[in-house]
Amino acid sequence: MVLFESNAIFQKLPPGERARIRAATEERSFTSGQVIFKEGDAGDGICVIKSGLVEISVLVGSEGERKIFAQEGPGALFGEMAMVDDQPRSASAIAREETVVYFIPREALLKAMGRSPEFMGRLMRGITQRLREFNHQYVDEVLQAERLALVGRFTRSIIHDLKNPLNIIGIAADMAASETATPEMRQNGRDRIRKQINRISALVNEVVEFTRGRSSTFVLAPVEFDRLVKQAIHELGREMEINSVVMEMENDPPGVKVPANPDRLLRVFHNLCGNAAEAMAGGGKIRFGFKLENNHVITTVTDTGPGISPEVADNLFTAFVTHGKPNGTGLGLSICRRIIEDHRGQITAHNTPEGGAQFVFTLPVMGSR
Ligand code: ADP
């Protein structure tokens, strides 16, 4: 059991002021489970707990779920928000044990605040502190819920993407191992298994890249941009050829150095060209263009495919956004964006007047050779 003065806000009050507040204060008793006030009640005063335990909760969400924000014991103050803005209560207070509170009417407090700026300051500090605590708690919970939702989506997406190739591998292995299998059937089974293993390994790479997160220890070293582009085109040659895709340069990449992590930048070329090849099922063309502008090198990757569908155009670079692909993970472009932003550049996409997709990314330049 405590006196109302035990709350820090009322300490150091001049004795006369304290006596006046005490005279206006009334004690109210509640049984366990009894509502002290609820949402919508008049905010006619504040309470300091004399003894017992009080739970503060608010209604959240469209379902009207009750969320407990705090449990307070003797000496704690509650109900102060409505007292300041003279609005109805926005939370409920329920006694969780036999509880006695000091109820201090709004009028008495307003008068004391008028007479003592110091008291007003202390009350305001107390309220701000409480708001901050609620804010932190709320942000933490929202973040945690979002993280869990993301992990759930991520796991579902990966499991979904692994099931299909694993099924094919199972069937192909049975076929290749059957006693009646001909050498062609064995070869066919082997090819199918190899293809699915490549698919799984591409998926695993995407997941590893995606979960790597934005790294603050990410090191950028001077890299010759033209060499990097040539390496990318060389590496992509075979894959594009298989897909009947021709790669063309509109102009030579500039001989400048960019601060880069080459392996990761190469990945951007791989992802963009891989997507373009997938979009151009019967083959087509990918054109690379380069421009130097405002100390940045601007690269455009343009294809002759059907262009980006309006369904995904607005959130193309968001993780898990995929459209029109049975095996899409929706991670490729979000990884591209992260890599380009880690290189202090920007990436955008749109469709060309001819109808194909065009991706544009910028990279800061270190200085011409
Ligand atoms: P995924 O390729 O696994 O679906 P991405 O993040 O790489 O994931 O791409 C997201 C979506 O953007 C694709 O599903 C596709 O609909 C669209 N897209 C990407 N590149 C192109 C392109 N070159 N042409 C048309 N659509 C594209």
Side-chain angles (χ1 to χ4, degrees), residues 150 153-165 168 195-196 198-214 229 232-233 235-236 239-250 264-289 298-343 345-361:
L150 184 67
R153 269 173 73 197
F154 195 49
T155 316
R156 273 198 301 281
S157 152
I158 291 164
I159 290 174
H160 174 262
D161 293 335
L162 279 177
K163 265 190 186 158
N164 194 331
I168 299 177
K195 204 164 149 202
Q196 297 311 313
N198 289 346
R199 216 171 116 189
I200 293 177
S201 108
L203 172 68
V204 168
N205 280 341
E206 297 227 315
V207 171
V208 170
E209 180 70 47
F210 181 73
T211 51
R212 193 204 291 248
R214 222 170 273 268
V229 172
I233 289 172
E235 283 181 10
L236 282 161
E239 185 190 335
M240 293 300 125
E241 198 185 320
I242 294 171
N243 289 297
S244 311
V245 172
V246 179
M247 291 186 288
E248 269 180 17
M249 304 272 243
E250 286 170 9
R264 299 197 73 205
L265 260 195
L266 284 171
R267 197 164 170 86
V268 174
F269 283 92
H270 279 263
N271 285 4
L272 294 182
C273 293
N275 275 344
E278 278 181 297
M280 304 185 290
K285 222 184 251 181
I286 299 178
R287 285 197 328 272
F288 299 93
I298 303 172
T299 306
T300 51
V301 181
T302 314
D303 65 46
T304 54
I308 297 151
S309 306
E311 285 90 340
V312 285
D314 288 343
N315 39 16
L316 209 54
F317 296 97
T318 307
F320 306 111
V321 170
T322 174
H323 180 76
K325 294 186 190 185
N327 302 317
T329 59
L331 292 179
L333 290 179
S334 74
I335 291 169
C336 286
R337 181 171 68 178
R338 188 185 293 162
I339 295 174
I340 294 296
E341 287 179 356
D342 280 346
H343 282 80
Q346 279 177 351
I347 183 165
T348 53
H350 56 263
N351 289 335
T352 62
E354 297 76 42
Q358 183 172 70
F359 288 82
V360 184
F361 63 88

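Worth knowing before you read on, the calculation uses all heavy atoms, side chains too, and leaves out hydrogens, waters and symmetry mates. For ligands, and for the atoms within them, numbers begin at 1 and follow the listed sequence. Positions are given from 1, in the same order as the sequence printed here. Because the structure is a prediction, the values reported are computed rather than measured.
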Let me see the working for Phe359 and Ile308 under side chain to side chain contact (heavy atoms under 4.5 Å, CB included), right down to the final yes or no. CA-CA 10 Å; Phe359 288 82; Ile308 297 151; 4.2 Å; yes
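- Within the structure, side chain to side chain donor-acceptor pair (under 3.5 Å) pairs that include any residue of residues 306-316 do not occur (at least two apart or interchain).
- Phe288 is not listed as a side-chain neighbour of Thr300, based on a closest heavy-atom distance of 4.5 Å or more.
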Just distance, no hydrogens or angles: give the donor-acceptor pairs under 3.5 Å from side chains in residues 240-249, sequence neighbours left out.
| from | atom 1 | to | atom 2 | distance (Å) |
| --- | --- | --- | --- | --- |
| Asn243 | ND2 | Glu239 | O | 2.8 |
| Glu248 | OE2 | Lys285 | NZ | 3.4 |

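- Under 4.0 Å from ligand 1, the heavy atoms of Leu331 that appear belong solely to its backbone.
- Nearest heavy-atom pair across Asn351 and Ala357 is OD1-CA, 3.7 Å.
- Looking at Ser309 next to ligand 1, no N or O pair under 3.5 Å apart turns up.
- Inclusion of Glu278 in the set of residues having an N or O under 3.5 Å from an N or O of ligand 1 is not warranted.
- An N or O contact shorter than 3.5 Å links His323 to ligand 1 by distance.
- Using a 4.0 Å cut-off to heavy atoms of Leu316, the atoms of ligand 1 that qualify are 12 (O), 17 (C).
- Distance alone, capped at 3.5 Å, places no donor-acceptor pair between the Asp303 side chain and the Gly356 backbone.
- Other residues, nucleotides and ligands place more than 12 heavy atoms under 6.0 Å from the CD atom of Glu250.
- Here Val321 has backbone heavy atoms under 4.0 Å from ligand 1, and that is the only part of it that gets that close.
- Residue-ligand proximity, Ala276 to ligand 1, at heavy-atom distances under 4.0 Å covers atoms 23 (N).
- Taking a cut-off of under 4.0 Å to the non-hydrogen atoms of Gly307, the atoms of ligand 1 that pass are 25 (C), 26 (N).
- Taking a cut-off of under 4.0 Å to the non-hydrogen atoms of Gly332, the atoms of ligand 1 that pass are 5 (P), 6 (O), 7 (O), 8 (O).
- Heavy atoms only, all atoms of each residue included: Phe269 and Leu236 are closest at O-CD1, 4.0 Å.
- By the criterion of a heavy-atom distance under 4.0 Å, the side chain of Lys325, and not its backbone, is placed next to ligand 1.
- Considering both main-chain and side-chain atoms, Gly330 comes within under 3.5 Å of ligand 1 through a nitrogen or oxygen pair.
- Looking at Phe359 against ligand 1, only its side chain comes within 4.0 Å, counting heavy atoms.
- Taking the side chain as every heavy atom from C-beta outward, Val301 and Ile286 approach each other to under 4.5 Å.
- Those atoms of ligand 1 with a heavy atom of Ala357 less than 4.0 angstrom away are 22 (C), 23 (N), 24 (N).
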